[in-house]
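Notes to accompany the following structure.
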Amino acid sequence: MASPSGGRYHGLVSSPFLRRTLHAGLLGRPYVALTIEHLQACLDRAGVPILVVIAPMGAVIALQGLLVFAAVGAREMIGSMLVGAMLLEVAPAFVALLLATQVGSAYATELGSMVVLEETDYHEVIGVDPYARLVVPRVAGLTLAAPLLVTVAAATGVAVGLSLAVTLGNAPPAGVVANIREYVVPRDVLVCLGKATAFALTTGLVSCQVGLAVRGGAAEVGRAANRAIVRSILVCVVLNYVLATLFLGGGLTG
Amino acid sequence: MRQRLAIATDLLATIGSGQVRLRDSLVRIADVGHGSFLFVAVIGAFIGMNIALQGYISLHRVGSLDLLGAFVARAALREVAPIAVIAFAAAKVGSEIAASIAAMKDRGELDALTVTGIDPLAYVAGPWFVGLCVALPLLVVVGDVAAALAAYLVAVHQLGVSPAPFLDSLRANAVPVDLVVGMLKGLIIGLLVAVIASTAGFRARPGIPGIARATNRSAVISFVTATVVNFLVTGVVYGL
């Protein structure tokens, strides 16, 4: 069952994976229709789950925040705290986690089964670059889906958290709005969109690489789904810290 | 849906009747714990580092840096590190269980077990169940410890916060109850994930697409279940 392409796809950095993906993405034939198809698939797959996940997270943040702010008698602080946490950390992180479990694992199994069934080699034989046709549209679709998903996610999380804070937590609505106006800056929205996009791009690349590196049979395809989730999340967690450190430099001077 | 429920109740009944072998369960405890230890430590550490950074940025704005320890204790140790560790382990181990059971089914091994008179639920799924329920709460502890250590290192060495006030406010706000609640979340979610993932494995369709689909669905459902249960437990414990 071993693929005739041998050890060509090993390792994300050392292998030709990044080089060939970059080459196909910049110079290869663009498969626009396929990219839109993958974008739609991402939205279909992750759209509802992200709402189910982010709504309780908004509620948890509101709840824990109110415990602290009620003690110091400043319930309206929940506004900027919730919006800030959602935009800067929670919404991008949970979109990334969900894209890794939902879409990343699917990419790894799809490409993995294509390798096992020798469909990737077939692409090469008939002169179609598998990176241009299989990898680039998937990564692009996922990367384009991220800003849309994170917008919906952050809006939902904030809406759920704030309505909980106002109704059950007795936070004053006018004070909450004023607090958000005072502390939340437009740059926070850009950070939110940028982080989600960066995470999605990373997840797409990692998952496709894992999928193409599959060797062996059906059991290996299942294992690839698992590996894609684990590696994507690990890389995103590290990336998150690096980005936060970079923003720290920009945030304190700017 | 009815078939899924039937598998789930059968599994719980099998475990309740004590048919699961201790030896296999110990192996699975080691599999889950050892297999996720490093990842959980790394994720916990980066969460601690990140929350220390974010807390520093917000507290710097309002000029009360001595609250950084309290912020880390409340945000990272109480809420974020446990749920991140649990959701990550749920997705990882959940997809592992589904993939391995689906592959066994595909190769006819589950039928072979039934023919030889061994209950596949007790033999295959039972040990995973015990493994998750025991190891996941322990992984929460690993995540919390890693988060606290990493937050300290970032606060003191990267951000230049003075160690004594940081540790004082961390100690004052990190209550043992939070650790117990985190472990309780791990136990409940581990139990649910074991049932969800083995059910997905047992119901997998044959062939590569079947295995792939079972793995993928199991990962997503486990992950979503983890966050929803996390909210419910937080709501009950800290008052809603």
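Predicted, not measured: the structure shown is a model, and the values here were computed from it. In what follows, every chain begins at residue 1, and chains take the letters A, B, ... in the order their sequences are listed. Values reported hereafter were calculated over all heavy atoms of this structure, with side chains retained and with hydrogens, waters and symmetry mates removed.
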What part of R213(B) gets closer than 4.5 Å to chain A, counting heavy atoms only: side chain, backbone, both or neither?
-> neither
Assess whether side chain to side chain contact (heavy atoms under 4.5 Å, CB included) is satisfied between I208(B) and V116(A), documenting all intermediate values.
-> CA-CA 9 Å; I208(B) 295 179; V116(A) 171; 3.9 Å; yes
At their closest point, which heavy atom of G235(B) faces which heavy atom of L63(A), and how far apart are they?
-> CA-CD2, 3.8 Å
Under 4.5 Å from any heavy atom of chain A - which part of A103(B) | side chain
With the side chain counted from C-beta on, respond yes when I233(A) and F39(B) share a heavy-atom pair under 4.5 Å apart, and no when they do not.
-> no
Contact check, side chains of Y241(A) and L53(B), non-hydrogen atoms, under 4.5 Å | yes
The interface call for V80(B) against chain A, heavy-atom contacts under 4.5 Å, is neither
Over all heavy atoms of both residues, which pair between I229(A) and S95(B) is shortest? Give the atoms and the distance, please.
-> CD1-OG, 4.1 Å
List the atom of N230(B), the atom of M57(A), and the distance in Å for their closest heavy-atom pair.
-> ND2-SD, 4.2 Å
At what distance, to the nearest 0.5 angstrom, does OG1 of T109(A) lie from CG of N216(B)?
-> 6.0 Å
Checking heavy atoms, do the side chain of Q54(B), its backbone, both or neither come under 4.5 Å from chain A?
-> side chain
Would you say the side chain of T245(A) lies within less than 4.5 Å of the side chain of Q158(B), judging by non-hydrogen atoms?
-> yes
Is chain B contacted by the side chain of V90(A), its backbone, both, or neither, given a heavy-atom distance below 4.5 Å?
-> neither
Return yes when atom NE2 of H34(B) has more than 12 non-hydrogen atoms of other residues, nucleotides or ligands closer than 6.0 Å, and no otherwise.
-> no
Is it the backbone or the side chain of L98(A) that comes under 4.5 Å from a heavy atom of chain B, or both, or neither?
-> both
Given that the side chain runs from C-beta out, which part of V52(A) has a heavy atom under 4.5 Å from chain B: side chain, backbone, both or neither?
-> both
Looking at side-chain heavy atoms only, is the closest gap between L234(A) and V42(B) below 4.5 Å?
-> yes
Side chain from CB out, backbone as N, CA, C, O: work out which of these in R78(B) comes under 4.5 Å of a heavy atom of chain A, or both, or neither.
-> side chain
Flag the one option from E110(A), Q102(A), R227(A) with the top tally of heavy-atom pairs under 4.5 Å to chain B.
-> Q102(A)
Where is the tightest heavy-atom contact between F223(B) and T101(A), given as atom of each residue plus distance?
-> CD2-OG1, 4.1 Å
Structural part of D106(B) lying under 4.5 Å from a heavy atom of chain A = side chain
Over all atoms of both residues, closest heavy-atom pair of G222(A) and T215(B) = O-CG2, 3.8 Å
Region of Q64(A) in contact with chain B, defined by heavy-atom distances below 4.5 Å | side chain
